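Each remark here refers to the structure printed beneath this line.
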Amino acid sequence: MPKTWQTKLIHSDAKIPQGYRSLATPVYRGSTTVFPSASAVNDSWDQVRVGYTYGLYGTPTTLELAARICELESGEQTVLTPGGQAAISLIDFALLQACDHMLVPASVYAPNRKLTTDLLSRFGIQTTFYDPAIGSGISALIRKNTRLIWTESPGSITMEVQDVPAIAAAAHERGVSVVLDNTWSAGVLFDAFAHGVDITTQAVTKYIGGHSDVLLGSVTVRDEAIYQRLGAARQVMGYGVSPDDCSLALRGLQTLAVRLAAIEVSALSIATWLAQRPEVERVLHPALASCPGHEIWKRDFLGSSGVFSIVLKRETTHRQVLDFVNALKLFKVGWSWAGVTSLAVAYNIGHAADRPAYEHRIVRLNIGLESTSDLIADLDQALVSLRAE
Ligand SMILES: *Cc1c(COP(=O)(O)O)cnc(C)c1O
């Protein structure tokens with residue numbers, strides 16, 4: 001059939017040579033993927049098993065990122081989500097139903113807490129928040145209908161390192177699954193499965209992305225039944241990911257080791273320097289003895305990353321904490337972390353009975369790739385201005 005030029009725009013016979021071998025993973029975009037015949041059409045999400053059916057369930061680019069995160073975390077299967085918080089919600093919606101009960105550490109990432117209190121509660125799912133230092137004492141909180149125990153180690157902002165193996169042992173005795181938000185460790189500085197975790201998740205947005213320009217999340221499992229529930233829920237919730245974003249994350253993986261190594265050294269020097277300062281009451285860095293759970297960090301982790309918090313002295317007013325953050329010049333103010341730019345955010349955790357008494361005096365720092373001496377000089381001038389007030 002001869003074609004008009006308009007049809008050639010859509011159905012081309014143009015030829016290009018085969019066999020191009022770039023070191024980079026190609027970006028395969030696509031919603032429709034073409035079936036070989038009418039009878040071959042199907043809508044399975046499990047493309048790892050059945051081949052390509054629809055772009056929402058993955059393209060070669062997104063499936064490669066999933067497979068590579070899975071390999072790094074020593075899992076069996078990894079599913080990707082549009083962000084770290086989407087990974088958290090996927091886990092809960094895939095594994096819980098009305099009248100189920102879940103245990104969540106009081107130190108959990110704030111949007112994870114909000115998901116349980118503001119949304120899952122409306123679907124009849126009950127949550128108890130527990131002391132992150134509970135360890136094997138978690139047994140006493142497990143009910144007949146407890147299905148899931150969340151862990152996050154170290155916790156967000158207040159940085160408590162949890163005894164994940166003790167929690168997992170207690171959970172498994174009662175047939176309960178354990179989830180870990182392993183974002184701080186980038187999925188590599190803490191071996192989740194070796195420490196008894198059943199489901200591990202991370203915000204790929206953070207260290208794997210590494211450059212503050214991507215939003216992605218991952219969930220990695222070893223159990224086939226859990227994978228089936230996650231995949232089925234992901235399909236109906238419509239959690240697709242962009243191949244362009246995944247290609248940035250694949251690039252991020254290539255430099256993850258050197259970024260983490262440089263950031264670890266810099267963050268440790270800065271944390272140690274801050275611990276000597278008269279304006280600082282406490283440094284919450286897992287590699288320092290002043291951090292709750294430091295001994296557990298020493299026992300279980302392979303290293304530390306670049307996010308930690310400081311608690312300013314008791315007499316510091318809320319206004320002074322904000323002034324300190326505003327006085328910083330290299331540290332920028334903004335959500336998220338693990339990029340190359342250092343960040344500072346002041347938190348007011350109030351007077352809740354289940355939270356440490358740090359109130360308005362916490363500043364969470366993300367150490368980027370600027371020179372350590374410049375970052376220390378920046379913190380120094382901001383702390384001096386605080387004293388002058
Ligand atoms: C940032 C973060 C998330 C959420 O990641 P997004 O990609 O921003 O949705 C989840 N857990 C922890 C511990 C985080 O720090």
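Since this is a predicted model, take the numbers as computed values, not measurements. The chain is numbered in sequence order, starting from 1. Keep in mind that the numbers below use all heavy atoms, side chains included, and drop hydrogens, waters and symmetry copies. One-based numbering, in listed order, for ligands and for the atoms of each.
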Can you tell me if W184 contacts ligand 1 (heavy atom of the residue under 4.0 Å from the ligand)?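 Contact absent.
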
Return the closest protein heavy atom for [atom] as residue, atom name and distance.
atom	answer
atom 7 (O) of ligand 1	T205 OG1, 2.5 Å
atom 14 (C) of ligand 1	K206 NZ, 2.8 Å
atom 12 (C) of ligand 1	D181 OD2, 3.4 Å
atom 4 (C) of ligand 1	Y109 OH, 3.3 Å

May I ask you to list the atoms of ligand 1 that are less than 4.0 angstrom from any heavy atom of [X]?
X	result
G83	7 (O), 9 (O)
W337	15 (O)
E152	13 (C)
G84	4 (C), 5 (O), 6 (P), 7 (O), 9 (O)
Q85	4 (C), 5 (O), 6 (P), 9 (O)

Can any side-chain N or O of R361 pair as donor or acceptor with the backbone N or O of V280 at less than 3.5 Å?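 Not a single qualifying donor-acceptor pair exists.
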
Side-chain donor/acceptor of K206 to backbone N/O of A186, under 3.5 Å: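 Absent.
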
Determine the interplanar angle of the Y347 and W335 rings, folded into 0 to 90°, and report it as parallel if under 30°, tilted if 30 to 60°, perpendicular if over 60°.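 Answer is tilted, since the angle falls between 30° and 60°.
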
Counting only heavy atoms not in R251 (residues, nucleotides, ligands), do more than 12 fall under 6.0 Å from its CZ?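 Open: at most 12 neighbouring heavy atoms sit under 6.0 Å from CZ of R251.
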
Report, as yes or no, whether the 6.0 Å neighbourhood of atom NZ on K114 holds more than 12 heavy atoms from other residues, nucleotides or ligands.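 Result for NZ/K114: open.
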
Among residues at least two apart in sequence or on other chains, which ones pass ring pair (Phe, Tyr, Trp, His ring centres under 6.0 Å) with H101?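 Applying ring pair (Phe, Tyr, Trp, His ring centres under 6.0 Å) to H101 gives none.
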
Please name all residues satisfying ring pair (Phe, Tyr, Trp, His ring centres under 6.0 Å) with Y57, sequence neighbours left out, ordered by chain then number.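 Scan of Y57 (ring pair (Phe, Tyr, Trp, His ring centres under 6.0 Å), adjacent residues dropped) gives Y54.
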
